[in-house]
Protein chains: 2
Amino acid sequence: MYTARDARQIARQDARPYSHILDKLRGAGLRPTRQRMALAKLLFEGGDRHLTAEMLHADAQAANVRVSLATVYNTLHQFHRAGLLREIVVDSQRSYFDTNMSDHHHFYFDRTGDLTDIPGDQVAISVLPPAPEGMAVSRIDVVVRVRPQDD
Amino acid sequence: MYTARDARQIARQDARPYSHILDKLRGAGLRPTRQRMALAKLLFEGGDRHLTAEMLHADAQAANVRVSLATVYNTLHQFHRAGLLREIVVDSQRSYFDTNMSDHHHFYFDRTGDLTDIPGDQVAISVLPPAPEGMAVSRIDVVVRVRPQDD
DNA sequence: GTCAAGTTTAGAATAATTTTAATTTAAATG
DNA sequence: CATTTAAATTAAAATTATTCTAAACTTGAC
């Protein structure tokens with residue numbers, strides 16, 4: 001399936017190749033190095049994604065981008081600090097990064113470890129305690145854990 | 001500070017030493033071994049706690065209970081499987097276990113990594129999407145991340 | 001008591017991540 | 001453009017949390 005909207009998006013990207021990625025890095029005060037550009041392209045041109053360092057590293061290899069695992073880790077953390085990525089904690093032992101920065105939550109499939117987005121407007125919290133003295137709420141994470149019905 | 005309620009509780013424990021702990025293990029189909037009894041006492045007689053394997057191991061040492069770290073890990077997982085503990089995922093890299101099994105949520109202090117309970121009745125979710133096809137919701141975790149106001 | 005099954009343990013192994021120290025690259029400056 | 005410098009990249013070693021292994025104990029049933 002391929003819509004007119006897709007065509008417009010592809011055309012736009014062809015017209016000014018990678019300039020949006022470049023702007024993203026510049027805006028975050030990060031030097032647009034070869035590796036960062038390549039990783040940013042992989043991360044941000046594929047729609048919303050949830051991935052680990054290993055996964056991004058594999059993606060890079062597959063795309064013939066030679067980049068060390070250490071750099072993938074560095075880059076993910078820098079992007080996170082710069083506000084380009086969100087870190088999702090659902091699995092101790094593995095860090096997931098989310099390219100979807102909009103307000104949203106997650107389904108977590110206990111069995112498989114998969115993760116899918118729940119748009120922000122599909123969750124509403126109507127009662128919440130005040131933040132502890134001197135503290136401000138920086139974010140509310142809702143994780144809806146699901147598993148096969150027959151279990 | 002030491003209240004009449006504390007006195008009653010201590011008296012009750014003295015009266016039937018560890019029988020509630022014993023029952024807990026028996027009820028879960030776990031043999032009441034020396035190590036499991038000791039760890040269960042540390043876990044369940046100190047009110048609601050959030051702890052890692054390392055923390056419980058240190059507690060045990062401090063209480064002069066000689067138990068290996070491997071056993072602490074085994075025991076935490078067995079208790080978890082048996083429904084005596086809840087696992088909380090807030091920090092990739094470290095697994096926390098929660099002795100509070102009642103319906104509740106958490107404040108997470110980003111800066112320090114601390115964790116405190118939010119009683120279940122202080123959070124209400126009024127809108128929620130249906131679970132994905134063929135899946136059932138097993139739990140909803142709400143983590144309210146907070147940090148110092150001036151940040 | 002004896003025995004089988006379940007537990008515990010020290011220590012080795014693993015997996016994810018971080019650190020180190022040397023090398024390379026990007027950008028600022030002359 | 002050549003030079004310099006600060007930042008980024010890297011391979012490899014180190015670290016951390018956790019799991020595995022295989023041998024040595026316990027526990028509960030008979």
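Proteins get letters first, then strands, A, B, ... in listed order; numbering begins at 1 in each. All values below come from the heavy atoms of this structure, side chains included, with hydrogens, waters and symmetry mates left out.
- Between B:H106 and B:H104, the ring-plane angle classifies as perpendicular under the 30° and 60° cut-offs.
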#### Entry: Worked verdict on B:D59 versus B:K41 for salt bridge (Lys or Arg N to Asp or Glu O under 4.0 Å)
CA-CA 11 Å; B:D59 265 30; B:K41 271 186 259 169; over 6 Å; no
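- Computed from coordinates, the B:M37 CE to C:dT7 C1' distance equals 15 Å when rounded to whole Å.
- Under 4.0 angstrom from either OP1 or OP2 of D:dT9 there lies no side-chain N or O belonging to A:T71.
- Distance CG/B:L25 to CG/B:L84: 7.5 Å, rounded to 0.5 Å.
- Not one N or O on the side chain of A:S92 forms a donor-acceptor pair closer than 3.5 Å with the backbone of B:S92.
- Judged by distance alone, the side chains of B:Q35 and B:T75 never bring a donor and an acceptor atom under 3.5 Å apart.
- The overall bend of the helix from C:dG1-D:dC30 to C:dG30-D:dC1, read as the angle between its terminal helix axes built from five base pairs each, is 30° when rounded to 10 degrees.
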### Task
Check step by step if side-chain contact (heavy atoms from CB on, under 4.5 Å) holds for A:E87 and A:Y96.
CA-CA 6 Å; A:E87 191 172 4; A:Y96 281 88; over 6 Å; no
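- We find that CZ of B:F79 is positioned 11 Å from P of C:dT7, with the value rounded to whole Å.
- Across all non-hydrogen atoms, the minimal contact from A:F107 to B:P129 is CZ-CG, 3.8 Å.
- Side-chain atoms of A:R36 come within 3.5 Å of backbone atoms of A:R31 as a donor-acceptor pair (strictly under, hydrogens ignored).
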### Task
Heavy atoms under 4.0 Å is the rule here; annotate nucleotides 23-30 of chain D 5' to 3' with B where the base is hit, S where only the sugar-phosphate is, and - elsewhere.
---BBS--
### Task
Applying side-chain contact (heavy atoms from CB on, under 4.5 Å), run through B:L76 and B:L43 and close with a yes or a no.
CA-CA 10 Å; B:L76 285 172; B:L43 282 169; 4.3 Å; yes
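- With rounding to the nearest 0.5 angstrom, the NZ atom of A:K24 is 9.0 Å from the CZ atom of A:F79.
- Between the CZ atom of A:R66 and the P atom of C:dT24 there is a distance of 13 Å, rounded to whole Å.
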## Note on the structure
For nucleotides 13-20 of chain C, 5' to 3', base contacts (B), sugar-phosphate-only contacts (S) and non-contacts (-) with protein non-hydrogen atoms under 4.0 Å give ---SBBB-
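- Nearest heavy-atom pair across B:N100 and B:D98 is N-OD1, 2.8 Å.
- The distance between atom CG of A:L22 and atom P of C:dA27, rounded to the nearest whole Å, is 9 Å.
- In this structure, B:M55 places its CE atom 17 Å from C1' of D:dT18, rounding to the nearest Å.
- Counting to the nearest Å, the P atom of C:dT25 and the CZ atom of A:R36 are 15 Å from each other.
- If you measure from atom CD of B:Q78 to atom P of D:dT19, you get 12 Å, rounded to the nearest angstrom.
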